[in-house]
Amino acid sequence: MVFGFGRKAKNDEPAEPAEELTVAEGEESAAAGRRQDGPFDESEISSRDGFVDLGALLITPSEGLQLRLEVEEATQRVVAVTLDLNGSSLQLQAFAAPKTETLWDEIREQIGQSVGAQGGQVEEIDGAFGTELVAKLPAGLPDGSQGYRVARFIGVDGPRWFLRGVLGGPAALERPAAEPLEALFRQVVVVRGDSPMPPRDLLQLRLPKDASATPPPAAPTLEEPERGPEITQIG
């Protein structure tokens, strides 16, 4: 399996204190579904054997899969991992979260505001992981005509963590193309750790000790889904 490094110039979202809320019945049902189908918490697996250990995330290997670790230029810390498979990509980030509050609803709203400020549009859809967000941002095509770039955001609230994924390429719009990456997303294991952390702090990622790094193409960022590789003609 090939590893690479990308650059991420922007700082991540600042940690914000959050009010604790009572977990609703519907949220308990969603948690039960996650425990059965994934993604998983470290406490829900019996062994780390067979996973690619990236610190906060354990990834299941797959034939043809390439991993890119994205590095923030200002701090040189690893802030995301991108899974490249069959011409599509899935970027992953895991965040600390309170025990009794879910973050995905609020984060979707923030993504929508960010995309709207850049002249783009968002649409909420029902997907394999509940409510998802498809973001479209204007982009110029090589022939000078106008198109847009697409990214599909998925999110799962776990015990004291939140896992966010961004699908790019054909997987952002085509369900058959997304299925292999969705399957890998379900098999992700989040290692939250026991240390107290402010909500929204990134969980630490790292390169496996036995991995060799190779230069990848420019990496997308979660805050700027317009950098995704897929450009679609308008009109």
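Atoms considered below: every heavy atom in the structure, side chains included; atoms not considered: hydrogens, waters and symmetry mates.
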Student: Can you tell me how far apart CG (Leu167) and CZ (Phe185) are? Round to the nearest 0.5 Å.
Tutor: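 The distance works out to 8.5 Å.
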Student: Rounded to the nearest 0.5 Å, what separation is found between the CH2 atom of Trp104 and the CG atom of Leu163?
Tutor: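 Spacing of CH2 (Trp104) from CG (Leu163) equals 10.5 Å.
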Student: Find out whether Leu181 and Leu83 are in side-chain contact, i.e. whether some heavy atom of one side chain is under 4.5 Å from a heavy atom of the other.
Tutor: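 Yes, at least one pair of side-chain atoms sits under 4.5 Å.
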Student: Is a side-chain donor or acceptor of Gln187 paired with a backbone partner of Ala183 at a separation under 3.5 angstrom?
Tutor: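 Yes, the answer is positive, given that a donor and an acceptor are paired below the 3.5 Å cut-off.
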Student: Tell me whether Asp157 contacts the main-chain N or O of Leu103 through its side chain, where contact means a donor paired with an acceptor under 3.5 Å.
Tutor: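 Yes, the answer is positive, given that a donor and an acceptor are paired below the 3.5 Å cut-off.
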Student: Are any side-chain N or O atoms of Thr82 and backbone N or O atoms of Gln91, one a donor and one an acceptor, separated by less than 3.5 Å?
Tutor: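 Between the backbone of Gln91 and the side chain of Thr82 there is no qualifying donor-acceptor contact (under 3.5 Å).
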Student: Output the distance between atom CG (Asn86) and atom CD (Glu179), rounded to the nearest 0.5 Å.
Tutor: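 Asn86 atom CG to Glu179 atom CD measures 11.5 Å (nearest 0.5 Å).
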Student: With sequence neighbours left out, what residues match Ser47 under side chain to side chain donor-acceptor pair (under 3.5 Å)?
Tutor: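 Checked Ser47 against side chain to side chain donor-acceptor pair (under 3.5 Å); matches are Asp49.
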Student: Would you call Arg160 and Glu101 a salt bridge, using N to O less than 4.0 angstrom?
Tutor: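 Result for this pair is no, no salt bridge flagged.
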Student: Quick one: do Asp41 and Arg192 make a salt bridge, cutoff under 4.0 Å?
Tutor: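 Salt bridge: no.
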Student: With a 6.0 Å cut-off on ring centres, are Trp161 and Phe95 close enough?
Tutor: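 When the ring centroids of Trp161 and Phe95 are compared, they turn out to be at least 6.0 Å apart.
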Student: Could you tell me whether a side-chain N or O of Gln118 sits under 3.5 Å from a main-chain N or O of Ser114, the two making a donor and an acceptor?
Tutor: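 Judged by distance alone, yes, a pair lies under 3.5 Å.
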Student: Is the closest basic N to carboxylate O distance between Arg108 and Glu132 below 4.0 Å?
Tutor: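 Salt bridge: no.
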Student: Using a strict 4.0 Å threshold on nitrogen-to-oxygen distance, state whether Arg200 and Glu106 make a salt bridge.
Tutor: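 Between Glu106 and Arg200 there is a salt bridge, with a charged N closer than 4.0 Å to a carboxylate O.
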Student: Rounded to the nearest 0.5 Å, what's the gap from CD on Glu63 to CG on Leu85? Could you check?
Tutor: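 Between atom CD of Glu63 and atom CG of Leu85 there are 9.5 Å.
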Student: Determine yes or no for a side-chain-to-main-chain donor-acceptor pair under 3.5 angstrom, with Gln93 supplying the side chain and Leu202 the backbone.
Tutor: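 Absent.
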Student: State plainly whether the residues Glu42 and Arg48 are in salt-bridge range, i.e. N to O under 4.0 Å.
Tutor: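 Arg48 and Glu42: salt-bridged.
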Student: After noting the C-alpha distance and the side-chain angles of Glu182 and Arg152, does the key distance pass the salt bridge (charged side-chain N to carboxylate O under 4.0 Å, His left out) rule?
Tutor: CA-CA 12 Å; Glu182 289 178 348; Arg152 179 176 145 219; 2.5 Å; yes
Student: Just wondering, more than 12 heavy atoms not from Gln121 lying within 6.0 Å of its CD?
Tutor: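 For Gln121, atom CD is not crowded (no more than 12 foreign heavy atoms under 6.0 Å).
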Student: Can you list every pair that meets salt bridge (Lys or Arg N to Asp or Glu O under 4.0 Å) and has a residue in residues 113-122, with sequence neighbours left out?
Tutor: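 Residue pairs with at least one partner in residues 113-122: there are none.
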